[in-house]
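Numbering of residues begins at 1 and proceeds along the displayed sequence.
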Amino acid sequence: MRDPLIDSSVTLGVTGSIACYKAADLASRLVRAGAKLDVIMTEGALRFLNPITFAAITHRPVVTSLFDPQSELAMDHVALARRSDVIIVAPASADALAKAAWGFAGDALSATLLAAEAPVIFAPAMDANMYDNAATQENVSRLVSRGVVIAGPEEGRLASGLIGRGRMLEPAALVDHVRIALSRHGDLAGRKVVVSAGGTQEPMDPVRVVTNRSSGKMGFAVARAARDRGASVVVVSAPTALPAPTGIDVLRVETALEMMDAVNAQCEDADVLVMAAAVADWRPSGAADRKLKKGTARSLTVEMMRNPDIVASVRKDIVKVGFAAETEDVIENAHGKLVDKELDLVAANDVTSADVGFGSDTNRVVLMDRDGGVMELGLLDKYEVGHHILDKVARML
Ligand SMILES: Cc1cc2nc3c(=O)[nH]c(=O)nc-3n(C[C@H](O)[C@H](O)[C@H](O)COP(=O)(O)O)c2cc1C
């Protein structure tokens, strides 16, 4: 299973908001990710953008009216409602929210929404007072109570120049909302997956840490892949520059000991643990409470003590996947790790090659399972590697 957007049928409703220009970017991202995209523009949206923009992006006719004799809807006015795997309205005006909340069907978008059985996502975009108005809030609550997803809006600078809650979510986040809606029947639906990511930091004193080169990218990619197969996902992350992906809870920790506590707490009700973090094997014994002064010393000796093994501390009855970052004898060392740590699967990689491992967006791993199965994956995007791992995990569950 891969990106759920591939070959999906998505309908994008565009309404009359200044955020319309971002809808073109959203459409482009959905199409590039593999969705078959239909666009419906409201009267309001037509004041802001020309339908040619969306026709050129989607390579399909754009619906601009319920009563256009040239449109597919003239022959079958609920065609898009039936065809869609998901419908996203972005930007969603106050007017569009009100119409949907009260079941109006006087325009192509409203009629499609009323007839749809597919999941529906609204991405509101409006002036903060319009959004906070009791009428809009009641409409939002009404839609939420019917299972509609309201994605955003965010706080931020609005077209009016004011700062407030009313900014449409960025297109990349909305694409992820569509993925989440599409993955609700995925092979990990109803499962909880815990992923550790990043390199732990072990303090020497209040300003210095001992750490490693892990960027967290591999763990975050596995987490996105699990989310896109319907799992509820928690990432326990050591410090990294990566933002929390849409729909994934990220718990930030620093040290191996903090990671151990957080992973164990999260695994209490989890089905799967993927340890993609580079956990420090050693930590300075007894961090100084004040900054170590260099004085006139020519050298410094730091005594290190062993960190506990996180995987070994976790419940035995869940599927456990480990990563082995090796610089030599990759297969032998990884097999040793599989056995010693009682893992169900190990993903081994040689971190000395430039195109793989730490910091890179790609990885080349060998998957080894308990039954002696060895699968060598070529150079792949880390998200793809995540899916290969989860293909095996899904079979083990
Ligand atoms: C310049 C301009 C910007 C607007 N921006 C928004 C907006 O961001 N959100 C909104 O709900 N309405 C906005 N409106 C008002 C809507 O366009 C208006 O309510 C329209 O009837 C919406 O129709 P529709 O929902 O059918 O597209 C704006 C109007 C103008 C003239």
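Within 6.0 Å of atom CD in Glu332, more than 12 heavy atoms from other residues, nucleotides or ligands are found, so the atom counts as buried in its surroundings. Crowding of Lys293 atom NZ: a count of heavy atoms from other residues, nucleotides or ligands under 6.0 Å not exceeding 12.
With sequence neighbours excluded, the residues satisfying salt bridge (Lys or Arg N to Asp or Glu O under 4.0 Å) with Glu384 are Arg2. With sequence neighbours excluded, the residues that form a salt bridge (Lys or Arg N to Asp or Glu O under 4.0 Å) with Glu72 are Arg83. Residues passing the side-chain contact (heavy atoms from CB on, under 4.5 Å) test with Asn139, sequence neighbours excluded: Ala98, Ala101, Trp102. The salt bridge (Lys or Arg N to Asp or Glu O under 4.0 Å) test applied to Asp309 returns Lys341, not counting sequence neighbours. With sequence neighbours excluded, the residues forming a side-chain contact (heavy atoms from CB on, under 4.5 Å) with Ser17 are Ala19, Pro91, Ala125, listed by chain and number. When the side-chain contact (heavy atoms from CB on, under 4.5 Å) test is applied to His335, the partners found at least two apart in sequence or on another chain are Leu338, Val339, Met368. Remark: Leu367 engages Leu345, Ala347, Val365, Met375, Leu377, His388, Ile389, Lys392 in a side-chain contact (heavy atoms from CB on, under 4.5 Å) (not counting sequence neighbours).
Contact between Ala334 and Ala348 at its shortest, heavy atoms only, is CB-CB, 3.4 Å. Closest non-hydrogen pair, Leu26 versus Leu12, comes out as CD2-CD1, 3.8 Å. Contact record, Met259 with Val236: CE-O, 3.6 Å, taken as the closest heavy-atom pair. The shortest heavy-atom contact between Leu390 and Ala226 is CD1-N, 3.3 Å. For the pair Phe122 and Ala100, the tightest heavy-atom approach, listed with the atom from each and the gap, is CZ-CB, 3.5 Å. Shortest non-hydrogen contact noted between Ile57 and Ala24 is CD1-O, 3.4 Å.
Using a 4.5 Å heavy-atom threshold, the side chains of Lys337 and Asn333 count as separate. Using a 4.5 Å heavy-atom cutoff, the side chains of Met396 and Asp369 are in contact. Leu251 places a side-chain heavy atom less than 4.5 Å from the side chain of Gln266. The closest side-chain heavy-atom distance from Leu158 to Tyr131 is not below 4.5 Å. The shortest side-chain heavy-atom distance between Val63 and Asp68 does not fall under the 4.5 Å cut-off. A heavy-atom distance below 4.5 Å is not found between the side chains of Met305 and Trp282. Counting heavy atoms from C-beta outward, Val250 and Pro245 have side chains that approach closer than 4.5 Å.
Under the 4.0 Å criterion applied to side-chain N and carboxylate O atoms, Asp391 and Arg395 are not assigned as salt-bridge partners. With salt bridges taken as basic N to acidic carboxylate O contacts below 4.0 Å, one links Asp187 and Arg229.
Side-chain N or O atoms of Ser141 include one that pairs as donor or acceptor with a backbone N or O of Gln137 at under 3.5 Å. The backbone N or O of Val321 lies less than 3.5 Å from no partner atom in the side chain of Asp344, so there is not a single donor-acceptor pair. A donor-acceptor distance shorter than 3.5 angstrom exists from the side chain of Ser285 to the backbone of Glu303, with no hydrogens or angles considered. Side-chain N or O atoms of Thr211 include one that pairs as donor or acceptor with a backbone N or O of Thr200 at under 3.5 Å. For the pair Lys320 (side chain) and Val314 (backbone), a donor-acceptor distance under 3.5 Å is present. In terms of modelled atom types and a separation under 3.5 Å, the side chain of Asn363 and the main chain of Met218 share no donor-acceptor contact. Glu254 places no side-chain N or O within donor-acceptor distance of the main-chain N or O of Glu202, the cut-off being under 3.5 Å. Distance alone, capped at 3.5 Å, places no donor-acceptor pair between the Lys217 side chain and the Leu242 backbone. A donor-acceptor pair is defined here as one N or O able to donate and one able to accept, closer than 3.5 Å; such a pair exists between the side chain of Thr15 and the backbone of Ser93. In this structure, Arg184 contributes its side chain and Pro119 its backbone to no donor-acceptor pair below 3.5 Å.
With 3.5 Å as the limit, one finds no donor-acceptor pair spanning the side chains of Asn133 and Thr136. A donor and an acceptor atom, one from each side chain of Asp38 and Ser84, are nowhere located under 3.5 Å apart.
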Under the side-chain contact (heavy atoms from CB on, under 4.5 Å) criterion, do Ile248 and Thr246 qualify, and how do the steps go?
CA-CA 6 Å; Ile248 294 177; Thr246 300; over 6 Å; no
Full working for side-chain contact (heavy atoms from CB on, under 4.5 Å) between Arg370 and Glu342:
CA-CA 9 Å; Arg370 272 195 195 196; Glu342 296 182 53; 3.9 Å; yes
Phe54 and Leu37: CA distance, side-chain angles, deciding distance, side-chain contact (heavy atoms from CB on, under 4.5 Å) verdict
CA-CA 10 Å; Phe54 292 106; Leu37 186 66; over 6 Å; no
Take His177 and Leu169, measure what side-chain contact (heavy atoms from CB on, under 4.5 Å) needs, and give me the verdict at the end.
CA-CA 10 Å; His177 275 285; Leu169 284 192; 3.7 Å; yes
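Going from atom OG of Ser360 over to atom CG of Asp381 covers 9.0 Å, rounded to the nearest 0.5 Å. The CG atom of Leu49 sits 9.0 Å away from atom CG of Leu46, with the distance rounded to the nearest 0.5 Å. Atom-to-atom distance recorded for Met260:CE and Ile310:CD1 is 7.0 Å, nearest 0.5 angstrom. Rounded to the nearest 0.5 Å, atoms OG (Ser183) and CG (Asp3) are 10.0 Å apart. Here Asp228 contributes atom CG and Ile180 contributes atom CD1; the two are 7.5 Å apart, rounded to the nearest 0.5 Å. Atom CG of Asn50 sits about 4.5 Å away from atom CD1 of Ile52, to the nearest 0.5 Å.
The stretch residues 138-153 participates, sequence neighbours left out, in no salt bridge (Lys or Arg N to Asp or Glu O under 4.0 Å) pair at all. Sorted pairs that involve residues 117-130 and meet salt bridge (Lys or Arg N to Asp or Glu O under 4.0 Å), not counting sequence neighbours, are lacking altogether. Identified under the salt bridge (Lys or Arg N to Asp or Glu O under 4.0 Å) test for residues 165-176, with sequence neighbours left out: Lys22-Glu170, Asp132-Arg165, Arg167-Glu170, Asp176-Arg179, Asp176-Arg227. Sorted by first and then second residue, the salt bridge (Lys or Arg N to Asp or Glu O under 4.0 Å) pairs involving residues 259-273 (not counting sequence neighbours) are Arg191-Asp271, Lys192-Asp269. Among residue pairs with one or both ends in residues 361-383, those qualifying as ring pair (Phe, Tyr, Trp, His ring centres under 6.0 Å) are Tyr383-His387; sequence neighbours excluded.
Put simply, Val14 and Val120 are part of two different groups of oily side chains (I, L, V, M, F, W, Y) that touch within less than 4.5 Å, one to the next. Val62 and Leu80 sit in two unconnected hydrophobic clusters of ILVMFWY residues. Membership requires side-chain heavy atoms under 4.5 Å apart, directly or through other members.
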